[in-house]
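The block underneath contains the structure these notes are about, expressed in structure tokens.
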Amino acid sequence: MENNTQDLYRQYVEHAQKIADINYAAAVLDWDQETYMPVKSAAARARQTATLRGLAHRHFTDKRYGDLLQQLLDQKDFLSEKERRNVLLSKEDYDKQTKLPNAFVHELSENISRAYQSWIDARKQNDFFVFEPSLSRLVALKKQEADYFGYENHPYNALLKDYEKSASVQMLDHLFESMTQPLQKLLQKVLAKQKSIDDNFLHQHYPKDAQWNWGMYLVKELGFDLDAGRQDISEHPFTTNFSAQDVRITTRIDENDFANMTWSCIHEVGHGLYEQGLNYEDYGLPSGEFASLSIHESQSRFWENCIGRNLLFWRHYFPKLKAYFPEQLKDISVEQFYRSINKVQPSLIRTEADELTYHFHIKIRYELEKELIGGTLSAKEVKERWNELYKQDLGIDVPDDNRGCLQDVHWSHGSFGYFPTYSLGSFYAAQFWEKLKAEKPETEKEIAHGNLKNILAWLRQNIHAKGRTAGDSETICKAVTGAPLQTDAFLRYLTQKLL
Ligand code: CO
């Protein structure tokens, strides 16, 4: 009996790894498309990845695979705890995939292709109402998807859980509510205090080559293993991996905006370190996969903000930075540099927002999505509601649709429920950061000496190496910090930094 179970488990591993082989092969093609692919290759490349993804999907939804997983679960006594969790999670994935009828998946993906095109057109004309019919159709399909998945209390819960298992309307309402007033107050104080910050030096000419060399230096300093990954240039920075031993990060360079590359570079390194810290031995299995989108984002924001916008970090690295840009930074002190890279300013564009106002951008998108999927807001009303919320939460007038409700690609991809993971990532990061400092009081001294090894080791041990079998985000948060996610640690972190 036991032998039989181990036999079945081996069959499961083999099948799961074959699916991973195909998906990672498709990921190599996607990475190439964003970095080096010549333009004329686009049509052939679209076929190639579609074929591979279709193949992976067939293996993944194969009824025999589902039966094998069920058979294993029925014999759970003969599996180790980790093996049982792997099978459970794979079964969960299988059940979710097979809940959506093929015809629906097909219809949704066709509508997404069309919606993306109409979003591009709408952006060209700077007119939301070019996109509105597609948005309306996608919202209807997403409501249908929520019905297929099933949900409690609010249909948006089904879509949230598709990205973030432990998130719910109830949880997010509470977090955003607990954040709003303290952040508004902090914002007013900070704006009054920082009037004199002159950050013009960040917009001088920073040559491309020097920025690239500086970025590569930083990537190595932060602990990214270049024998198990690379950095390249792409239009939009991203991280992808083909195994824990091959992690690709990308960055972009703007010669007239120093901040653009450095912190997106640190951000992607944070994602990359997480991927490199996953268990290579568990390739293709849940125990070798990242835990969740929020935990992934917590790692990028931890490095980008808690470390990369930290005064102690720059006490060590600013002199090194000056060696790359002696002219541009010759009259700048580390304090002025630090204040400039942490400047707060309510603004229109989410991706350019500072650490504080960023979360109002997310809260607004969360409210809109909740209302759209809940049926209390129609697609036609999105623009008006968007502009109203920007006035209310950030105090700014939206001058046009491109800088308003057309700025993000997410909805045209059918991604409703994704935005909140960005805020959750920051909140988790701050709670981990506070815990690390309490557990290892020497941490800040180490940062001031450019010693980041113990920080990475702590993240590796507590988060990276555990993979997805450690549980959902909230389970991980409680295991690491002893408490569920709250905004308190984040508010303390920001208040201390900005005041
Ligand atoms: Co990220």
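Predicted, not measured: the structure shown is a model, and the values here were computed from it. Reckoned from all heavy atoms, side chains included, excluding hydrogens, waters and symmetry mates. Each ligand, and each atom within it, is numbered from 1 in the order the structure gives.
Using a cut-off of 4.0 Å between Lys/Arg side-chain N and Asp/Glu carboxylate O, R252 and E235 are scored as not salt-bridged. Between R468 and D93, at least one side-chain N (NZ, or NE/NH1/NH2) sits under 4.0 Å from a carboxylate O, which counts as a salt bridge.
Checked options R45, R53, R248; the residue passing with D30 is R53 (criterion: salt bridge (Lys or Arg N to Asp or Glu O under 4.0 Å)).
In this pair, F325 and F258 present their aromatic rings perpendicular. The plane angle is above 60°, beyond the 30 to 60° band.
Distances shorter than 2.8 Å separate the Co ion (ligand 1) from the protein N/O/S atoms H267 NE2, H271 NE2, E297 OE1.
Counting heavy atoms of neighbouring residues, nucleotides and ligands inside a 6.0 Å radius, atom NZ of K437 exceeds 12 of them.
In this structure, R301 satisfies the cation-pi test against Y358, with its NZ or CZ atom closer than 6.0 Å to the six-membered ring centre and inside 45 degrees of the ring normal.
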